[in-house]
Amino acid sequence: MKVIRTVEELGKIYAGGLTQASVAKVTRVLTPLYRQMIEASPFMALATVGPEGLDCSPRGDIGGVVRVIDEKTLHLPDWRGNNRIDSLSNIVRDPRLALMFLVPGSNTTMRINGRGVVSNDEALLESFEMDSKHPRTIVVITIDEVYFQCARALIRAQLWNPENFADPAKLPTPGLMLKAAAEDFDHETYDREWAGRAAKTMW
């Protein structure tokens, strides 16, 4: 298999492909329209890097996955999860991060590259109260660059077309996937209790 080893080789393959729009769309701060897109997003992927390698984690929240503080700052609450803290552990050791936001029904995605710190400031945690509960930490994100992504990927994927939605009954359950990794895992109990457990521990 032929492998490309240098940026120069890539440049020859993609020569002439960079358009004015590809460059002009990148800003160092949230423009009003970029802010509108970010605030409309209930879901994003959070990418971080640490000594053990890379991590990419899904993040979602009702009414918007992040809180926009100003043109350079976002707050991301860390709600209940699996307690692996992979992303948070990375951020406290290496602040670099990348975000990709999805807006249901829109084929335009938003991307942010920046830096983060993890805070457990009491007043900040209380400001995110939900169902009388608070997140345990907040990731405070400083934006280095922000831009929208070409819609072709989502159009090709037909991501929002319900005719292409997978039938959950034909997919492996989380319990079965766990059992495949740990043969003695009680997948039936896990799957049976999951919905009720999630409903009680959403926040």
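Atom set for the values below is all heavy atoms of this structure, side chains included, hydrogens, waters and symmetry mates excluded. Since the structure is predicted, the reported quantities are computational estimates derived from the model, not experimental observations.
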Take a 6.0 Å sphere around [atom1] of [X] and say whether it holds more than 12 heavy atoms from other residues, nucleotides or ligands.
| X | atom1 | answer |
| --- | --- | --- |
| E9 | CD | yes |
| E193 | CD | yes |
| Q20 | CD | no |
| I13 | CD1 | yes |

Check: [Y] and [X] side chains under 4.5 Å, non-hydrogen atoms:
| X | Y | answer |
| --- | --- | --- |
| I38 | L99 | no |
| P174 | D191 | yes |
| T48 | D94 | no |
| R67 | S127 | yes |
| L76 | M44 | yes |

Study note, to complete from the structure: From the list R28, R115, R96, salt bridge (charged side-chain N to carboxylate O under 4.0 Å, His left out) partner of D144 resolves to R115

Review point. Is the side chain of W160 donor-acceptor paired with the backbone N or O of S106 at a distance under 3.5 Å, no angle test?
Key: yes

**Study point:** Side-chain (K72) to main-chain (T142) donor-acceptor, under 3.5 angstrom
**Key:** no

Find out if a path of hydrophobic residues (ILVMFWY) with successive side-chain heavy-atom gaps under 4.5 Å connects [X] to [Y].
| X | Y | value |
| --- | --- | --- |
| V29 | L97 | no |
| V65 | F43 | no |
| L124 | W203 | yes |
| I4 | Y14 | yes |
| L74 | M130 | no |

With rounding to the nearest 0.5 angstrom, report the [atom1] to [atom2] distance, [X] to [Y].
| X | Y | atom1 | atom2 | result |
| --- | --- | --- | --- | --- |
| I141 | T73 | CD1 | OG1 | 10.0 Å |
| R197 | R192 | CZ | CZ | 10.5 Å |
| D86 | L46 | CG | CG | 11.0 Å |
| S87 | D55 | OG | CG | 4.0 Å |
| N120 | D78 | CG | CG | 11.5 Å |
| K133 | L125 | NZ | CG | 15.0 Å |

Exercise for review: Examine the side chains of S57 and R59 and answer whether a donor and an acceptor come within less than 3.5 Å of each other.
Suggested key: yes

Check your understanding: Does K25 make a cation-pi contact with Y147, if we ask for NZ or CZ under 6.0 Å from the ring centre and within 45° of the axis?
Key -> no

Practice item. Please assess T173 against Y190 for the test side-chain contact (heavy atoms from CB on, under 4.5 Å), listing each intermediate value before the final yes or no. Key: CA-CA 10 Å; T173 66; Y190 184 90; over 6 Å; no

Check your understanding: Can you check side-chain contact (heavy atoms from CB on, under 4.5 Å) on M110 and Y34, steps first, answer last?
Key -> CA-CA 8 Å; M110 295 298 301; Y34 281 177; 3.5 Å; yes

Compare every heavy atom of [Y] with every heavy atom of [X], then report the nearest pair and how far apart it is.
| X | Y | result |
| --- | --- | --- |
| V140 | S119 | CG2-CB, 4.4 Å |
| V118 | I91 | CG2-CG2, 3.9 Å |
| S22 | V26 | O-CG2, 4.1 Å |
| N113 | A98 | OD1-CB, 3.4 Å |

Exercise for review: Show the numbers, then the answer: is there a side-chain contact (heavy atoms from CB on, under 4.5 Å) between T109 and L102?
Suggested key: CA-CA 5 Å; T109 58; L102 295 180; 3.3 Å; yes

Practice item. Take R93 and E52 through the test side-chain contact (heavy atoms from CB on, under 4.5 Å) and record every step on the way to the result. Key: CA-CA 11 Å; R93 295 174 295 174; E52 294 82 19; 2.8 Å; yes

